[in-house]
Amino acid sequence: MHPEHSADHLAQQFADRHIGPDQAGLQAILDALGQPDLDALEKAVVPAVIRTGRAARPLDLPEPVGESEAVAELRALAGRNRPMVQMIGLGYHDTVVPPVIARNVLENPAWYTAYTPYQPEISQGRLEALLNFQTAVADLTGLPVANASMLDEGTAAAEAMTLLRRTMRSKSSRFLVDADTLPQTKAVLATRAEPLGIELVEADLSGGIEEFGVGDCFGLLISYPAASGALRDHRAIIDAVHAREAGVVMATDLLALTMITPPGEVGADIAVGSSQRFGVPLGFGGPHAGFIAVRPELQRQLPGRLVGVSKDDAGAPAYRLALQTREQHIRREKATSNICTAQVLLAVMAGMYAVYHGPAGLRRIADRVHRQARLLAVMLGAAGVELEHDAWFDTLRLRVPGRARAIGAEARRNGVNVWVDGEDAVQVSVSEATTEEHLSAVLAAVTADRVNWGLAPGTAVPHSLRRTSPYLTHPVFSAHHSETSMLRYLRRLSDSDLALDRTMIPLGSCTMKLNATSEMLAISWPEFAGIHPFAPAEDSAGYRELIDQLSAWLCEITGYAAVSLQPNAGSQGELAGLLAIRAYHRSRGDEHRTVCLIPASAHGTNAASAVMAGMKVVVVRTTDSGDVDLEDLRAKVGQHRAELAAIMITYPSTHGVFEDSVSELAELVHEAGGQVYVDGANLNALVGVARPGAFGGDVSHLNLHKTFCIPHGGGGPGVGPVAVAEHLAPFLPNHPLDPGAGPATGVGAIAAAPFGSASILPISWAYIRMMGADGLRRATLTAIASANWLARRLDPVFPVLYTGAAGAVAHECILDLRPLTRATGVTVDDVAKRLADFGFHAPTMSFPVAGTLMVEPTESEDLAELERFVDAMTAIRAEIDEIAAGAWPVEQSPLRRAPHTAAVLAGDWDRPYSRAQAVFPHGVDPAHKYFPPVGRIDGAFGDRNLVCSCPPPEAFES
Ligand SMILES: *Cc1c(COP(=O)(O)O)cnc(C)c1O
């Protein structure tokens, strides 16, 4: 079409919408930096060594298109997918997403643009939502402590396995897995077990305790109901495992648990699973919230994040993340899990599904699912079809010797996907969305006889496994069943929080940039949302094309040869990349190469991932200027030359600096036979400017939820693709059920679904498609310009700790508060909490250096918002000066008493500063004031008195 005739002709270029500063704003920023334009800035700031060679070649990407054209192209790709009625089961079910939740959570920026709730005072809404999720999981599984989400069911099972290994008395290294377990769970367990020296053994539990020799093991995973649908009473086996001082994990289904005796009541130590069928679309495999729940004795060993109840400085109950000290970023190489970004947005959806339906509603849904499965079973029986099991919840396994493929094909002609297992078996799984027409379509595929639908009284749940205990008894699960009430509940919670729809979130290392609406549109379309990950490949032709294109663009951007989109968080990309390195060394007979060098300043996930990949972490010092200490590196390389597997560096460094020495560092490691892993979380400083694959990297993970616009969701979802050079390509992840997901020679499944969190890939696709090569480069350089502008403006009030050789930072800067803390007692916490009074989300606290704040503005913030932040920080510095001058003792200062709630304002006022100073400090417009719902939270109190499910309502009456 001639551009004159396109609607986009009238619109601004998308890049101009995405990039915050307009031309005048950018010019002001550049003027302040003494740079005539972005090209000059690039030359001044980005070291020549990384811009040389291949990196100097501009990105070869398709010409960008406008928003409506990109959406139209996505429509065309969506049109090549085939959403069918999905009765495959295997851990993924059709579900009815309540529209009030779809529009007001999934499609609502107040929820999806929030950050992980590390600043609890401005995150009470999503913390309450997560507490609902934890409570629902704990109640339904009968295990009282559940965390705030896992990445998926497969990784939850793997984390449960390693949790048992740490905690059980048995010294065995064998872990047994029920043979009747989801194939993807078995695959993820195998990937995780091997590097840790865990011997994974399949056990046939179908014959009960009589035929099951427990043997030596530290744990057993039981599928309940099983992958084939079978429902078995495993109490005797569980007792036998416990007698060996080993533990039991049950992989289970939340909907089934409304009817069947929960894992906690049959003796399981841990329950895991997926909450997908609680109102989260299939999305070709993800993202969905996995869950894990444990008995109380294991609560301090739980991986991931746990929301708990504590109190604020006025004694009011308040939520916050509990037991933070055991988190991976603090425990580093002692970490037992690398999970960081999880699946918060999807956990919020699932938790709200439980709130909206309540205990009776969930039970009705489960009853209907079970009744329909019964009906189908009776009809199939009448048609002479044999079922493999007589106890089940929602899934029937049909014995159809020699006919399985024909039945599967016929069901597809009738619009239904069932699971065809070899030549002789078909599985049919009933869901909330199943109708009688769907059942008829399945029946017609199996038998030509006309059968009349009758009634199917009774149940296929054996008496011993019928649930009698109550669940979801907390009032929140009964209070919001009308849509009006639900709508207001969701609004009330999101109004408590600060997300990107209200303020910049200047979190260093997190890249909280615009998540454009046009990028988000496609994820709700049925052609993307309604695809089962194990449906025949032709159903996902559009997805596969999108995945191929996005993969090729990411290779072009990073300078690597191949990429896998399967890892569903940065941490999982790290593990995949390190496993590729390990497999590469082993393929060359270098089994002994197991040492991984990691700079002291690295992100906590790095060391944790290395441990999980079976590597030994050796820490390399950083110099006073924040760079990797090349002298120490030389020494460590010399010392470990023969066993060197890899170095993991972050570029630009976690200190926000472009290090000149990166190529030299890479050469040193390569020369010793090691591989170079470049943590790509900071790629927002490199896109279109330099390629890690060209300046020495062998492998990187990227965070699509940072650089490539997938919203952070309050702590997930994410996508952490792993990109590798040619020689590592044979060792990328793959998947047992999808040969298109990776090389046959690969390291196995990293995530449960073949393409991980596939349904959010259109977001990053749209971003690259609309930005084009020039827009992406402009975004990178604008992010660098804004960071340098902020560094200059803030340096006089809070000194910038590190700069590169050119006196410049990269895309973020670290503000050093330690001298002020020593002089006045004001801490980074005080500044962070005071920022909430100004309506700002705090920067990253005490990473990578304790006592500092790390600020990353991204390219999306305009000059006015940057100015507003500088004004707030300047005003805070003035308050610190007043403390220094003796105006207030620090304990009685507006900093230490921050944040200030409306309730405090209305109460007795005995503070040495005014109410106005408390809540309307310099620059805060009373007309647009944000009031945090709670005051400063006492985290230690909550950790001593751990409460991780909805507290009784009395707790809030005080
Ligand atoms: C965010 C980040 C990670 C981890 O990514 P997740 O998606 O949270 O697992 C790793 N390294 C660095 C430097 C990061 O900033």
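Numbering of ligands and ligand atoms starts at 1, following listing order.
If you check which protein heavy atom lies closest to atom 5 (O) of ligand 1, you get Asn703 ND2, 3.0 Å. Of the protein's non-hydrogen atoms, the one nearest atom 1 (C) of ligand 1 is Lys706 NZ, 1.4 Å. Of the protein's heavy atoms, Ser509 OG, 2.5 Å lies nearest to atom 15 (O) of ligand 1. For atom 8 (O) of ligand 1, the closest non-hydrogen atom of the protein is Thr341 OG1, 2.6 Å. The nearest protein atom to atom 9 (O) of ligand 1, hydrogens excluded, is given as Ser571 N, 2.8 Å; this is a heavy-atom distance.
Per-residue contacts place Ala681 under 4.0 angstrom from the following atoms of ligand 1 (heavy atoms of the residue considered): 2 (C), 11 (N), 12 (C), 13 (C), 14 (C), 15 (O). Close contacts between ligand 1 and Cys340 involve ligand atoms 8 (O), 9 (O) [criterion: under 4.0 Å to a heavy atom]. Near Gly570, meaning under 4.0 Å from one of its heavy atoms, ligand 1 places the atoms 5 (O), 6 (P), 7 (O), 9 (O). Taking a cut-off of under 4.0 Å to the non-hydrogen atoms of Thr605, the atoms of ligand 1 that pass are 3 (C), 4 (C), 10 (C), 11 (N).
A perpendicular orientation is assigned to the rings of Phe528 and Tyr543, their planes being inclined by more than 60° (bins at 30° and 60°). Between Tyr584 and Phe731, the ring planes are perpendicular. Angles over 60° get that label, and only those under 30° would be called parallel. Ring-plane geometry between His841 and Tyr115 is classed as perpendicular, the angle between the planes exceeding 60 degrees on a 0 to 90 degree scale with a lower cut at 30.
For ligand 1, the polar-atom distance check finds an N/O of His705 within less than 3.5 Å of one of the ligand's N/O atoms.
In this structure, of His712, Gln572, His603, Glu856, the residue bringing a heavy atom nearest to atom 4 (C) of ligand 1 is His603.
Contact annotation: for Asp679 versus ligand 1, heavy atoms closer than 4.0 Å belong to the side chain alone. No part of Asn682 comes within 4.0 Å of ligand 1, judged by heavy-atom distances.
Considering Ile647, Asp698, Val724 in turn, Asp698 is the only one that fulfils the side chain to side chain contact (heavy atoms under 4.5 Å, CB included) rule with Gln675.
Checked by atom type, the side-chain pair Asn606/Glu574 shows a donor-acceptor distance below 3.5 Å. For the 3.5 Å distance criterion, the side chains of Arg777 and Thr780 fail to qualify, holding no donor opposite an acceptor. Residues Asn684 and Glu859 bring a donor and an acceptor atom of their side chains to less than 3.5 Å of each other.
Residues Thr852 and Leu815 are not in side-chain contact: their nearest non-hydrogen atoms beyond the backbone lie 4.5 Å or more apart. Two residues are said to be in side-chain contact when any heavy atoms from C-beta on lie closer than 4.5 Å; Tyr560 and Pro692 meet this criterion.
Proximity of Glu574 to ligand 1 is established by a heavy-atom distance of less than 4.0 Å.
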